[in-house]
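Below is one structure, written out as structure tokens; the observations come after it.
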Amino acid sequence: MKARIKFSKTGSMRFIGHLDVMRYFQKAFLRADIKVSYSQGFSPHPLMSFTSPLGIGLSSDAEYMDITLEESDIPSVMIDKINSVMNDEIRVNGFSFLKDTAKPSMSVLAACDYIIAVKPEHTSQLANKEFIKKRLDDFIKQDKIEILKKTKKSEKITDIRGSIYHISDNIKDFVKMTGHDYDKSSINEMCLPILYCQLSAGSVVNLKPEVVLEALCNYSGIEYNSSVYQIHRLEMYADADGQLIPMSHYEEN
Amino acid sequence: MRKLALSDEILLSIEKPARYIGGEINMVVKNPKDVAIRFCMCFPDVYEIGMSHLGIQILYDMFNKRDDIYCERVYSPWPDLDSIMRRDNIPLFALESQQPVKDFDFLGITLQYEMCYTNILQILDLSGIALNAKDRTNADPFVIGGGPCAYNPEPIADFFDMFYIGEGETAYYKLMDKYKEWKSSEKDRLDFLKMAAAIPGIYVPQFYNVSYNEDGTLKEFNPTVYEAAKTVVKQVELDMSETYYPQKPLVPYIKATQDRVVLEIQRGCIRGCRFCQAGMIYRPIRPRSLDFLKKHAKTMLKATGYNEITLSSLSSSDYKELPELVYWLMDEFKDKKINIALPSLRIDAFALDVMSKIQDVRKSSLTFAPEAGTQRMRNVINKGLSEEEILNGAMDAFLGGWNRVKLYFMLGLPGETYDDVEGIAILSDKIAREYYTIPKEKRNGRVNIVTSTSIFVPKPFTPFQWAPMDTKEEAAKKRDFLLSKVREQLNARSIKYNCHDEDVSELEGVFARGDRKLCSVIRQAYENGCMFDAWTEYFCYDKWIDAFKDKNVDMEFYIRREREEDEIFPWDFIDIGVTKEFMFKEYLNSKAEIVTPNCREKCAGCGAAKFNCGVCVEKRN
Ligand code: SF4
Ligand code: SF4
């Protein structure tokens with residue numbers, strides 16, 4: 001049977017890359033005696049896949065992984081079983097069964113929510129309430145937000161305005177915009193949230209929050225320094241006929 | 001949330017930040033304030049290498065069993081972090097508590113190979129601990145070395161307060177108890193070193209006076225305090241089934257070199273190859289019981305979640321109950337997709353059966369380590385592996401579907417002639433010829449032979465400790481000669497030849513049998529910028545040569561001489577059980593090309609029987 005696991009990743013685990021998180025879960029499942037199905041062949045590998053890898057340094061409340069299981073308990077038991085062999089900084093907070101026909105989550109990913117916060121012992125002009133309010137209003141009113149995309153081979157100007165679905169400087173307004181109910185975030189309490197945004201994600205346009213932040217900084221005339229900010233993923237959504245549905249509820253059985 | 005020693009900024013700017021954050025699965029968490037002794041265990045190389053080392057895992061587990069000790073770990077910061085730590089004055093920290101190493105009571109450094117010596121200085125330097133033991137104060141930890149290179153600790157004697165000679169499982173608790181006694185007595189540093197020196201197996205270099213003859217050889221090596229013994233006896237774990245072994249080994253987040261459960265099935269080796277130090281210093285061979293191994297395999301796999309287990313030993317085929325153990329493992333874990341790795345296995349019917357069940361025959365290769373190319377030379381080194389055994393083993397494997405073979409040899413063995421060197425090419429070719437005797441339709445494509453040579457380095461506590469080593473030039477000449485001979489073979493196109501770096505081997509040769517005069521050279525090389533010498537990309541031969549010149553030390557003296565029978569060696573003060581007389585007799589046997597039977601065939605009376613354990617007390621039938 002197929003299942004989708006939702007987990008958080010915080011603290012020092014921010015420095016573990018997604019391939020290592022994959023290996024971490026493989027071992028955790030073996031420790032917890034959870035019977036994951038394996039591929040066939042001489043070097044069988046467990047059937048599990050991540051929805052969208054999280055960049056090193058970012059934290060998250062909502063990472064998703066699809067797995068195929070040989071057998072399973074009810075979701076609450078599974079969550080406890082897995083968490084009993086995990087460290088404090090990667091915690092499973094959701095488990096749901098999927099239809100057998102469910103598409104892999106990475107193929108239906110459409111958007112992600114993020115918090116952008118200022119790290120302790122750092123400062124940013126954006127942390128000034130008045131300042132950010134004013135700049136953000138003007139920033140988002142633009143018809144086009146153009147950025148220079150650099151790859152190894154070429155430079156290209158892209159407009160990202162259409163990929164910013166929602167953006168706000170406070171959680172209240174943001175909740176109204178997205179219509180989503182967020183659990184208490186596990187972002188480091190020492191960080192000061194300054195910005196909330198919902199961005200296009202997935203295989204068509206995958207807009208990174210760092211890019212939006214940098215564009216806002218440039219627009220506001222302040223220097224962008226990536227080490228000042230903590231970026232934290234809040235949720236991931238699938239596209240269900242034009243509607244965004246949190247990944248944990250999509251194609252549930 | 002765990003507080004990390006390094007800022008996010010630094011962690012995000014370096015390679016593999018996971019090397020420095022600790023927090024691994026099964027990491028032991030204690031409050032440093034609640035313990036009497038803080039012990040920091042160090043492997044002086046990069047994290048992925050250090051985390052793969054079984055010895056540290058055993059000691060980590062053993063120390064942490066005691067409530068009054070908190071054992072933590074540290075590894076060498078990679079050069080990228082090294083330069084940041086120097087720039088920002090960040091003191092080296094232990095992974096568990098992320099607190100400075102300097103605040104610990106002990107810093108234990110495991111010495112696995114000579115080329116890590118400058119990394120020891122890096123560790124001390126970054127920790128803010130004085131490099132020379134004599135310059136340390138009560139504010140510094142006691143620095144203690146152990147492991148195979150501690151069997152000739154002299155080239156690094158200045159940097160250590162003490163060395164532990166022998167297997168860690170045996171005397172460390174005693175040392176810790178003495179330390180607590182000393183700590184509460186408020187006596188000075190030297191007093192503790194004296195207490196330590198009185199413990200069997202502990203060597204405190206500064207309590208020995210060394211004098212030299214005019215020709216540079218050792219004249220005398222004598223203790224200067226009452227507590228220090230004239231000879232330090234290696235400590236041996238007598239019962240390998242009633243001792244410490246981790247039930248819950250640490251599991252790193254990033255892939256370590258050894259990314260699996262390691263089950264040590266026995267310690268020591270019965271074979272007595274004359275070049276092999278491990279074969280001598282770990283005598284006698286002591287197997288662990290089958291019950292012990294089964295129990296630990298189960299517990300460790302469960303506690304780690306690894307999907308692979310490797311059976312570790314110097315020569316697995318000499319473990320009598322190996323088939324029983326392997327078939328049990330295969331059966332017990334067949335549903336869990338657990339891989340079984342079996343290094344150091346001799347190719348025979350059992351090995352092929354097991355390998356065909358646990359590996360993909362088409363992708364895996366057969367490994368042989370004949371070490372020398374001709375039978376004459378294999379008799380010289382006492383390697384009991386005949387051409388017939390190799391060819392038969394290879395043929396059986398070829399019929400079973402294998403077509404890849406790896407061969408390991410050494411160049412520069414004592415008494416080696418160019419015929420012996422050519423023998424390596426000929427033997428490689430013979431194996432390929434065997435393959436092509438199989439009818440074409442039964443073959444699995446072309447045969448693929450990889451022949452590798454390393455350069456022989458004479459080691460202390462081996463019968464070849466008297467032997468000269470080849471110069472770099474000779475080694476290079478032999479390598480080129482061998483390459484040309486490989487090219488002349490009928491199946492030259494099926495044989496790939498790999499070889500080792502002569503520069504590194506030369507330095508290894510110097511340190512292996514070095515004396516205290518080398519301490520200043522190593523320190524100078526470190527100051528010249530040498531670090532991570534075991535890594536080709538960082539090894540800088542010229543800086544080393546400068547250091548030798550600066551300190552006026554002649555490398556030739558250590559590597560080129562054939563030593564006299566009665567020369568006093570810098571490591572003679574250590575008693576490993578195996579006697580110098582036995583080793584010299586073996587040296588003469590090697591010259592006479594006489595083979596000595598292994599411990600199970602017939603006891604050769606090497607001296608290790610005095611420990612009264614293992615194969616020495618086994619019944620022979
Ligand atoms: S078989 Fe020979 S080379 Fe291998 S460990 Fe034993 S003595 Fe050493
Ligand atoms: S005393 Fe005999 S049996 Fe024991 S290790 Fe030495 S040679 Fe082997």
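The structure presented is a predicted model; accordingly, all values stated were derived computationally and were not measured. Side-chain atoms are counted along with the backbone in the values below, which use heavy atoms only and exclude waters and symmetry mates.
The number of heavy-atom neighbours closer than 6.0 Å to CG of A:Asp183, taken from other residues, nucleotides and ligands shown, is 12 or below. Counted within 6.0 Å of NZ on B:Lys406, heavy atoms from surrounding residues, nucleotides or ligands total 12 or fewer; the atom is thus considered open. Heavy-atom neighbours of A:Asp181 CG from other residues, nucleotides or ligands within 6.0 Å: at or below the threshold of 12. Within a 6.0 Å radius of NZ in A:Lys208, other residues, nucleotides and ligands contribute 12 heavy atoms or fewer. For NZ of B:Lys65, the number of neighbouring non-hydrogen atoms (other residues, nucleotides, ligands) closer than 6.0 Å is greater than 12. A 6.0 Å sphere centred on CD of B:Glu537 holds more than 12 heavy atoms belonging to other residues, nucleotides or ligands.
Within residues 51-61 of chain A, the residues having any heavy atom closer than 4.5 Å to a heavy atom of chain B are A:Ile56, A:Gly57, listed by residue number. Within residues 326-340 of chain B, the residues approaching chain A closer than 4.5 Å by heavy atoms are, in numerical order, B:Lys336, B:Lys337. Contact residues of residues 224-235 of chain A toward chain B are A:Ser227, A:Gln230 (heavy-atom distance under 4.5 Å). Taking non-hydrogen atoms and a 4.5 Å limit, the residue list of residues 21-30 of chain B in contact with chain A, ordered by number, reads B:Ile21, B:Ile25.
No side-chain heavy atom of A:Met13 sits under 4.5 Å from any side-chain heavy atom of B:Arg2.
For chain A, the option among B:Leu12, B:Thr304, B:Asp8 with the highest count of heavy-atom pairs below 4.5 Å is B:Asp8. By number of non-hydrogen pairs under 4.5 angstrom with chain B, the leading residue of A:Glu189, A:His122, A:Arg23 is A:Arg23. Among B:Leu4, B:Asn307, B:Leu301, B:Ile254, the residue making the largest number of heavy-atom pairs under 4.5 Å with chain A is B:Ile254. The candidate from A:Lys119, A:Glu121, A:Gln26 with the greatest count of non-hydrogen atom pairs under 4.5 Å with chain B is A:Lys119.
Looking at A:Tyr24, the atoms closer than 4.5 Å to chain B (heavy atoms on both sides) all sit in the side chain, from C-beta outward.
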**Request:** Mind running salt bridge (charged side-chain N to carboxylate O under 4.0 Å, His left out) on A:Asp20 and B:Lys255 for me, showing each step along the way?
**Result:** CA-CA 8 Å; A:Asp20 292 325; B:Lys255 221 173 155 75; over 6 Å; no
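Among the candidates A:Asn87, A:Ile90, A:Val21, the single residue satisfying the side-chain contact (heavy atoms from CB on, under 4.5 Å) test with B:Tyr253 is A:Asn87.
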